[in-house]
Amino acid sequence: MVQLLFFYFALVVIGLGLRIVTCKNPVHSVLLMLLLFFHMAGLYLLLNAEFLAAVQVIVYAGAILVLYLFVLFLVNLREEIKMSPFVQKGKWAGLVAALALLITFLRGVFNFTLGPHGQYTIEKVQQITHTKAMGEAIYTTYILPFEIAGLILLVAVIGGLALAKKEDKGA
Amino acid sequence: MELLWILIKIIIVFTVVMIHVMYATYFERKVIGHMQVRMGPMRVGWHGVLQPIADGIKAFFKEDIIPTAADKKVFYAAPLICLISALSAVAVIPFFETFAIANINIGLLYIFAMSSLASYGVVLAGWSSNSKYSFLGGLRSSAQVISYEIAMGLSLVGVMMLAGSLNLSDIVHAQMQSSYKIYLIPQIIGFFVFVVAMFAETNRTPFDLPEAESELVAGYCTEYSGMRFALFFMAEYIGMIVMSCLAVICFLGGWSGPFEVPGIPFFWFILKAYFFIFLYYWVRATLPRYRYDQLMALGWKVLIPLALFNILLTGTIKSLIG
Amino acid sequence: MVHLSWYLTVSAMLFCIGVFGFLTRRNIIMMLLSIELMLNSVNLNLAAMSHYMEDIRGQVLVFFIIAVAAAEAAIGLGIVVTLFRNYRSVYTEDITILKG
Amino acid sequence: MPENKTDLKETTREEMAYEPYTIAMGPQHPATHGVLKLDLELDGETILDCKPTVGFLHRGVEKLAENMSYAQTLPLTDRLDYIASMANNVAYSIAVEKLLGIEVPLRAKYIRTIVMEMARLTGHLLWLATHALDIGAMTVFLYCFRERENLLDMFEEICGARLTTSYTCIGGVRQDVTGHFLESLYSFTEDFPSKIAEYETLIDKNRIWLKRTQGVGVVSAEDAVSLGLTGPTLRGSGVEYDVRKHMPYDAYPYVDFEVPVGSKGDVYDRYRCRMEEMHQSNSIIRQCIEALPKGPIRAPDAPDLVMPYARQKRVVADATFASGVIKLMEDTEHFIEGDVYVSAEVPKGELGFYFVSDGRGVPYRMHIRSPSYIHIGALPFLCKGQMVADVIAIIGSVDVVLGECDR
Amino acid sequence: MKIKYDTKKRLVEQIFLLEILKGLKLTLKRLFSKPVTVQYPKEKKPLFPGFRGRHALIRDPKTKAAKCVACMRCATVCPSRCIRIRFSKDDETGARKLESYEIDALRCIFCGYCEEVCPVNAVVLTEEYEYSDYTRDPFHFDMERLLKNWDDFLEKKKMEPEKYLNPYLRPRGLPVGELPVGKRVEVPEEWTMEGQVIWKDGKAVSAKEADC
Amino acid sequence: MESLEIAKKIQEKYPDEVVSISETRGQVSVILTKDRIVEILRWLHDDPTFQFNHLADLCGVDYLGKKEVRFEVVYNLYSIPLRHSIRIRAQVPEDDCSIESVTGIWMGANWHERECYDLFGIEFMNHPDLRRILLPEGWEGHPLRKDYPLDGGGKNWSGYDEVVEKAKKLSQYDFYGIYQDPTKKTGLEDAREQD
C-alpha cells in the first residue's frame, strides 16, 4: 500500500517536473507546479512529516506560487506563448549537462550508506506529533538558525519592497 | 470497515453541506430581502422554498459559454479548484464530540492550506477568461486572500497558544476545560480580527471587491455561465460555512453549550454556525464596500498589528498566570 | 517498505530536471521556478534522510529552506519586476547589460 | 486547444511594444447609469486617462423640435432626464413662456413649484439609491425606492403617468391638483425627514462610506465653475450658484429656502449637498402647499395645444364645437423674432433652453443646455489619478443621466 | 448656507464601531417590519383615474359606432405622428364621414394630447397597461380594435360608459366656458375651477368652504 | 450691471467688432464678427467689472437663407458673483466655417464646441480634441444644418449597413442546432476555422 502510494507520487512528481520545464505557457507551468507541490506534500506524509506537508502547501503553494502567478500576469505573457520557450542554442547542451549530473547523482545514491540513528524514532514522533517534535527542535537546538531565518525573511521583505517600489517623480 | 465508515461519513457530510449551501442562498435572499423591506423569492413553492432547486436546475441546463479567446484547460479547471479546495476543508471539522471525517493533528493548518488554495481558482478564472474585468477581479482577489490569510492565521495563534494544539477537537476540549468555557472572552481581539478576516477570506461584503458588481461587473466570474458559474457560487457558500464553523470551533466552544440537548449532539454547533452565517447576510445588507487600497491598508496596517499585539498579550498573560 | 534510495533517486531526477530547466529556459521567471524545483528536490532528500536516520534535524533544515525559498522568491521576483519595468522584457537574451 | 500554425512564428521585440492596460467601462456596465462608455487607461488600479464616449442615446431632440410646434416638443422633454421628468417639463415651459411673453397664473406657479421639488426629490432619491449601490450599500437603494414609489404614485394621480409626465403646458399646468393629492403629499413631507435620517444611519457616518467618499474626486471652486458644473455638483465645491436664487422663476421668490454649499468639493461634499437639498425641497413643498392660492391654472392668453405652425389667427375656442364664442385674432404679440435663453434648476443642475424664433409657432432653433452633458465632459478632469473604484463613486456623485446628456 | 458636518470620531466610536452597529440595528429592525412591495401579477395596485394606458375609441351608446367626427385635431397635435385618420366628405352637406382611424401604439409616447384636444370625447387612453405581445402586428390598432379596447375596458371597470370620467376627457380645474361642448360633462365639484382645493389648517379644503 | 450697459461697453471698446445689439424679452445679444472673439471673451471673463465666469451655454445656429452670414455661434455668459448675463453671438460665414476655440477660458467649453462641430460642422481652431461626439465617427453631414435632409437623404449610415450585413451573415448559421441541417455549419465552428 505504502509502496503503491510512493510510486504514484514519485512518478507524478517526475512527470510533472518534466512537463513544467518544457511547458510553453508559464501559467500552465505554475499550475502544474501547484500539482507537483501537492504530490511532494504526499511524499512528506509518507515520511511521517505532516507538519512539513502542511507548510509545503501553505507556504509554497499558498504564497510563493501565487507570487509567481502575480509576476507572470504583470509581464506581457500572451506574446510569450507564441515563441519558443528555450534559449536558442543551449537547449541540447543543457540536456546533456543535466543528464551527466543525473548519472553522477545516481552513482552517489547507490553507493550511499546511512549514518548513525538519532533519537526521534517513528513511534516517538507519532506519539508527540510531528508538529511538537519540530517545534522542540527549532526552539531549542536551532533557535539561532531560526532567528537568522527570520532575519533573512525580513531582509527579503525590505529588499522586495525596495526593488518593486516605484521611483518618485520628484526624487 | 473503517474505510466504509469514513465513506459513509463523507457522504453524510457532503449531503448536509450541499443542502446547507442550497438553502444558504435561499435564506440569504430572504433575509436580505426582508431587511430591505421586500419579500425575496416568492414564486417557486410556498414563499419560494423551492427556489434553490429551480436555480440549480436552471444553472445545470443553461448553455455553457466558453469565450473563444479563453485558455480552455485553465478555464475548465478554475471553478473545480475553488470548489474542491472549499469542500476538502470541511473534512476536518468536528461537528460534535466524535464526528469528524478526519480528525488530524494539523487540522487548523489544513484549513488554512485549503483556503489559501481557493485563491488559485479565482486568479486562474480571472486570467483564463481573457477578459479585463475578470483579470482585475482575479488579481484583486489573490492579493486580498493572501493578505488576510496572514491576519487570520495570526489571529488564531492566540487560540493555538491557549489550547496547545492544532487539532480542532483538542481545541474544543481545551476550551471546555478553560475557565471561561469559550475563548471569545480571553481572545476578544483575536476574535475581532478573525471575524474581519473571515469576511475578507470569503470575498463577502464589505470586502467583496473581486466580484464588486458595480465596478468589475462580476469580477473573476464575468465570463462564466451555467454550471461553472454555479460551482463558483457553491464554493463561495461552502467557504462561508467552513469559516463559520472555524469561528465556532476556535472561539465559541464548538459543540459545547450551556446544557445538553439530548439526541441532537450538534445542536449548539449548528446554532452558533447559523449565527455567523446570518452575520454574513446581515453585514451584507448594511455596509458599503471598501476600496482596494483601503482594504489592503486595513489588512496590513490594522489587522496584522492587532493580531500580533494579541499574540503578545496572550503570551505575556499565559507566562504570568501559568 | 520503501527504500531510502528510491527517495534519493526521485530527488536526484527532480534536481536534474530543475537544472535542465534553469539552463535552457529563456524566461527568467521560469528559471526561478526551476530553482524552486531544485530546492524541492533537496527538501525531499533532506526529509527522507532525516526520516530514515530517525532524526528531526533534516526536517528542521527543510523548514529553513522553505523560509529561504520564500525570501528568494520575493527578491528574485522583485528583480524580475524591476527588470521588466526597465527593459519591458523578461528574457535572458534581452537583458545583456553586463555584456555591454 | 489545437494550436494554429501561424501562431508559432517568432514575434519580434517591436511587436511586443508596451501598451497601457485599457478598460472599456460601458456602454453596458452596471455603474455607468446608462449607455455611457468610459475608456480608462490604467496603471494598476490608478486611472491615467479617462475618455468618455457618449451619443449612444442620441435621438436628435433639437432637430425634432425644429419641426414641431412648441407644445408638441413638451412631451419630448420627459425623455431628457427621465428620472425627474416633471422638472424638465417646467424648465421647458418657463423657457417657452419667456419667449412668448406669457405670464402664468399664481396657482399654476405654485403647483409647478410643488411638482418641480417633487421631481427634485425623485431625482435625488434615485441618485442616492444608485450612488449608494455603486459604493456597495445595497439596502439604501431599496429604502430610497420605497419613498420614490410614493412620489411617483402622486405623479400618477395628478397627470396619469409615473415617469413620462408631460404635466405642464405652455401657460400653466394641464390640470388642477386634487385634495387627495395635497393631503398625501403633505403627510409624505411630514414623514420624509425621518426617512432621510434612516438613509443617513446606514451611510452618513459609516467609516467605509467616509473612506470611499472623502477626498475623492476633488474639484476646486474655480475649476468647477470653469468646467461649467452646475447644481449640487458645483455647490459641493462651495460656489453658491442656484438658478432658483439667481434667476428666480415660478413660485421660488415667494418661498423661503436655503441653498446648501459644501467646502472641499469632494464626493462627500456633493453627497451632503444633495442630502441637505432634500430637506430644503421638503420644506419648499410644505410651504407651497400651505400657501397654495386659488385661481386659474392656465394663462388666459396661453396658446392652444393645436397651435398653428405659422403666424396665423389664433383660435381660443373651437369654431365648430364651442357654444358660439369665436375669438379670432392676429397673433403678433406672442410670436416674435428673437432669441431667449432661460434656465431652471433641475435635480442635475442648470437645464437651459435656448430658443431662436423666426416668428412662427415652431422654434427656428432650440438648444438644450443639459447639465449631464457638461458633467460627463468634466469626468476626465475628476477621474485622473483616482482609482477604478473611485470612478464609480465620482460618476455617482456628479449624477448623470444619459438621456439628458445625449438628447 | 455652508453645510456643517462633523465626521471626526471619538476614540470610543472608533474602537467599538458604533456607527456600524447603529446601521446593523436598523437593518435588523427592518427585518421584522412589513415589506412594502407588491406581488405584482397576484396583486395589483389600483390605478388613479386618468392613467394614460392603452388607446380606445369610445363607442357611442346610441349609434354603436365611434364618436369621432374626423376633425383631425388629434392627428395634428400628435407629437409622434402615430394617428392616421381617413375620411370622406359628403358633397351635399359637407359633413365628414370617418373611414378609418388607426393608431400605431408602438410609436405612441402616451402624452395624452389626443384625448385632451378631442372636442367630442372620442379618443381616450384607458387604464389598461398589460397588453404586451410577441409580435408587432397587435399594436397597430385599427378602428375595430380601438372600439373593442373600449368595450374591454368598460367590462373590466364594470361601469356605465356615461359614468366613466377620464380626467383628460375633462381636465380638472379649467373653466367650463373654455371647453368645447362635447367636453362639458358633469364632474365632481372638486374638479371644477370653482371647487378647487387649497390648504387650510392641515387639511385640503375646497376654496369655497375656506372662504366662508 | 444691466445687460444693455454691458453691451454698450463692449461696443465702446470694440466698435469694429460689434455688428449689432439686439434685445428680445429683456435679454440682450451682442452680435460680433468672429475675428477677435477669444480676446473679447477673455476680457469679459477676466475684467473685474464683468467677471463672466460661468459659460452657461454655447451652441451654433444656422440661418440658411435668412441672414447674410450663415452661422452664428452663441455664447450665453453669466457672472455668478455679479449676477448679470449677456449673450454673445459670433458670426461665422459659410465659406470660412471656423472660429477660435474658447476652451482656454472655460474648460467646460470643450464638449460644447465638440457638439457644435459635430452638428453644424463649425471648426474650432486650437481645440484640444475636436472629434464627433454625439454622432458616430464616419457620419456624413451635419444634421442640425438647415439643408440636411430630414429623411436622411435615403442613405443609411455606413455603420448601420455593417450591422445589417453582419446580422445577415449570422442568420445563415444554425447556432442552436434547431434546424438539424447537416450541411449547415454552426457559427461557432466557422468562427473557429476563421481564427
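Atom set for the values below is all heavy atoms of this structure, side chains included, hydrogens, waters and symmetry mates excluded. Residue numbers start from 1 in every chain, and the chains themselves are labelled A, B, ... in the order their sequence lines are given, proteins ahead of strands.
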Inter-residue atom distance [X].[atom1] - [Y].[atom2], 0.5 Å rounding:
X        : Y       : atom1 : atom2 : value
A/Leu36  : C/Glu36 : CG    : CD    : 11.5 Å
A/Phe105 : C/Phe15 : CZ    : CZ    : 5.0 Å
A/Ile20  : C/Met30 : CD1   : CE    : 7.5 Å
A/Leu106 : C/Cys16 : CG    : SG    : 7.5 Å
A/Leu52  : C/His51 : CG    : NE2   : 12.0 Å

Quick one: which of [options] has the most heavy-atom pairs under 4.5 Å with chain C, could you say?
options                             : answer
A/Leu18, A/Val59, A/Leu154, A/Val55 : A/Leu18
A/Ala149, A/Gly150, A/Pro145        : A/Pro145
A/Val155, A/Val30, A/Leu67          : A/Leu67

If every non-hydrogen atom of [X] is compared with every non-hydrogen atom of [Y], which pair is closest and at what distance?
X       : Y        : answer
C/Leu23 : A/Ala97  : CD1-CB, 3.9 Å
C/Ser34 : A/Val21  : OG-CG1, 4.1 Å
C/Ala71 : A/Ile152 : CB-CG2, 3.8 Å

Within the structure provided, determine whether [X] and [Y] are in side-chain contact (heavy-atom separation under 4.5 Å).
X        : Y        : value
C/Ile29  : A/Pro26  : no
C/Val60  : A/Phe146 : no
A/Tyr142 : C/Phe63  : no
A/Val96  : C/Phe20  : no
A/Ile14  : C/Val10  : yes
A/Phe51  : C/Gln59  : no
C/Ile17  : A/Leu102 : no
C/Met13  : A/Val13  : no

Practice task
Could you walk me through whether C/Tyr7 and A/Leu47 pass the side chain to side chain contact (heavy atoms under 4.5 Å, CB included) test, one step at a time?
Solution key: CA-CA 10 Å; C/Tyr7 278 105; A/Leu47 293 169; 3.5 Å; yes
Leading residue by heavy atom contact count with chain A [cutoff under 4.5 Å; candidates [options]]:
options                            : result
C/Leu44, C/Leu77, C/Leu8           : C/Leu77
C/Ala70, C/Ser41, C/Ala74          : C/Ala70
C/Val19, C/Leu37, C/Ile56, C/Asn43 : C/Ile56

Interchain contact, [X] with chain C, by part (heavy-atom threshold 4.5 Å):
X       : answer
A/Tyr68 : both
A/Leu65 : side chain
A/Ala63 : neither

Practice task
State, without any angle test, whether A/Gln56 and C/Asn40 hold a side-chain donor-acceptor pair at a distance under 3.5 Å.
Solution key: yes
Practice task
Below 4.5 Å from any heavy atom of chain A, which atoms of C/Thr9 appear? Answer side chain, backbone, both or neither.
Solution key: both
Handout entry: Contacting moiety of C/Phe64, where chain A heavy atoms sit under 4.5 Å
Key =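 Just the side chain, heavy atoms under 4.5 Å.
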Exercise for the section: Report the C-alpha distance between C/Arg57 and A/Thr141 in whole Å, list the side-chain angles of each, state the deciding distance to 0.1 Å, and finish with yes or no for side chain to side chain contact (heavy atoms under 4.5 Å, CB included). Expected result: CA-CA 9 Å; C/Arg57 275 181 289 176; A/Thr141 326; over 6 Å; no
